[in-house]
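Both ligands and their constituent atoms are indexed starting at 1 by order of listing.
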Amino acid sequence: MIVVASTNGSVGIQEAVRVLREGGTAVAAVEAGIRLVEANPDDHTVGYGGYPNILGEVELDASIMNGRTLETGAVGAVKGYAHPISIARAVMERLPHVMLVGDGAARFATEMGFTQQDLLTEEARHIWAARLKQDMPAETFANLAQEITLADWVRLATDPERAKGTVNFIAQDMHGDIACGVSTSGWAWKYPGRLGDTPIIGAGNYADNRYGAAACTGMGEMAIRAATAHSIVIYMKMGMSLAEACTEAMVDLRALNGRFISVMHLIALDKDGSPAGFSSIRNKTYIYQTADMAEPVEAVRTFVPIAARWG
Ligand code: GLY
């Protein structure tokens with residue numbers, strides 16, 4: 001039994017391991033760990049306290065995948081609910097669909113009894129307003145909701161330094177079943193309705209008991225373009241080791257042409273329970289904990305450079 005997570009999952013990994021030790025499923029462990037990250041107001045990339053879109057609205061994305069059944073659930077651009085991972089799990093378990101977005105996702109969350117909440121903290125609101133006011137005339141800022149040229153402002157205001165956070169959890173339970181979950185508030189100051197890789201199964205999340213699982217943090221558009229999480233699992237299916245599969249996926253990302261290339265970080269697990277982490281930035285870490293370890297280990301991700309370019 002093991003749980004692997006991005007380092008910001010440290011507030012939830014012990015809870016996920018506790019679920020596994022008590023005989024819970026990998027799906028339950030992943031959800032339990034991610035819920036604690038979503039509730040952490042100090043994490044501005046996930047859940048409550050996440051950075052808002054350009055209009056100052058917090059829009060959340062999440063997905064979960066059961067590697068035993070290959071069932072998945074995802075939500076995108078959902079507003080007013082702090083735990084999109086639980087809504088995603090309910091989509092997987094209660095609906096014949098795999099993804100809900102926007103108002104439909106919020107409506108479903110209400111039907112399922114999830115609690116509505118204001119997700120924009122004073123700290124996140126202050127940072128959002130200060131960043132936009134750096135470039136925008138006061139009148140534009142005051143009338144943002146009516147502003148019809150948001151596209152230009154998104155290009156100007158989006159700060160690649162604040163564009164990349166997400167939380168990843170992968171768990172393998174006592175039956176050997178694997179699940180993978182991802183949750184994010186997406187890019188800070190994004191265009192309303194923008195979805196990254198988090199809710200896109202095969203891009204930011206994929207799990208298949210027969211081979212392993214993978215999840216991404218970083219610039220979601222890149223993982224969508226390269227189908228990164230699914231590629232890693234398919235490379236393992238083709239016979240590559242975990243390290244070879246992750247390296248090959250990073251090489252695929254490096255081969256992306258065109259504009260808007262930034263950073264990518266991966267975590268992955270093979271079917272035998274071995275973890276890995278990769279990053280396009282040196283010295284980035286990930287965490288993992290097996291059921292017989294008292295505490296998680298923080299390990300350095302393997303560095304594979306990807307040259308950043310923007311415009
Ligand atoms: N990786 C999260 C996002 O791009 O939204």
Members sharing M293's hydrophobic cluster (side chains within less than 4.5 Å): I2, V4, I170, I178, I267, L269, Y286, Y288, V297
Close N or O approach (G220, ligand 1; < 3.5 Å): yes
Which bit of M222 gets closer than 4.0 Å to ligand 1, counting heavy atoms only: side chain, backbone, both or neither? neither
Would T184 count as a polar contact of ligand 1, with the cut-off being nitrogen or oxygen pairs under 3.5 Å? no
List the atom pairs, with distances to 0.1 Å, where a side-chain N or O of residues 222-229 and a protein N or O form a donor-acceptor pair under 3.5 Å, not counting sequence neighbours.
unit_1	atom_1	unit_2	atom_2	d
R225	NH1	R259	O	3.4
R225	NH2	N257	O	2.5

State, with a plain yes or no, whether a side-chain heavy atom of Q14 is found less than 4.5 Å away from one of E295. yes
Under 4.0 Å from a heavy atom of D197: give me the atoms of ligand 1 that qualify, with their elements. 1 (N), 2 (C), 3 (C), 4 (O)
Below 3.5 angstrom, do we get any N/O pair linking E221 and ligand 1? no
Give the single entry among H265, R194, K190, M264 that approaches atom 3 (C) of ligand 1 most closely by any heavy atom. R194
By number and element, which atoms of ligand 1 are closer than 4.0 Å to a non-hydrogen atom of G186? 5 (O)
Please verify whether a non-hydrogen atom of G218 lies at under 4.0 Å from ligand 1. yes
R107 CZ: over 12 foreign heavy atoms closer than 6.0 Å: no
Side chain N8, main chain T166, donor-acceptor under 3.5 Å: yes
Numbered atoms of ligand 1 (with element) below 4.0 Å of T198, judged on heavy atoms: 2 (C)
Would you mind running through ligand 1 and noting each atom that sits below 4.0 Å from a heavy atom of T166? 1 (N), 2 (C)
Using modelled atom types and a 3.5 Å cut-off, is there a donor and acceptor pairing between side-chain atoms of D61 and backbone atoms of A77? yes
For the side chain of R301 and the backbone of L266, is there at least one donor-acceptor N/O pair under 3.5 Å apart? yes
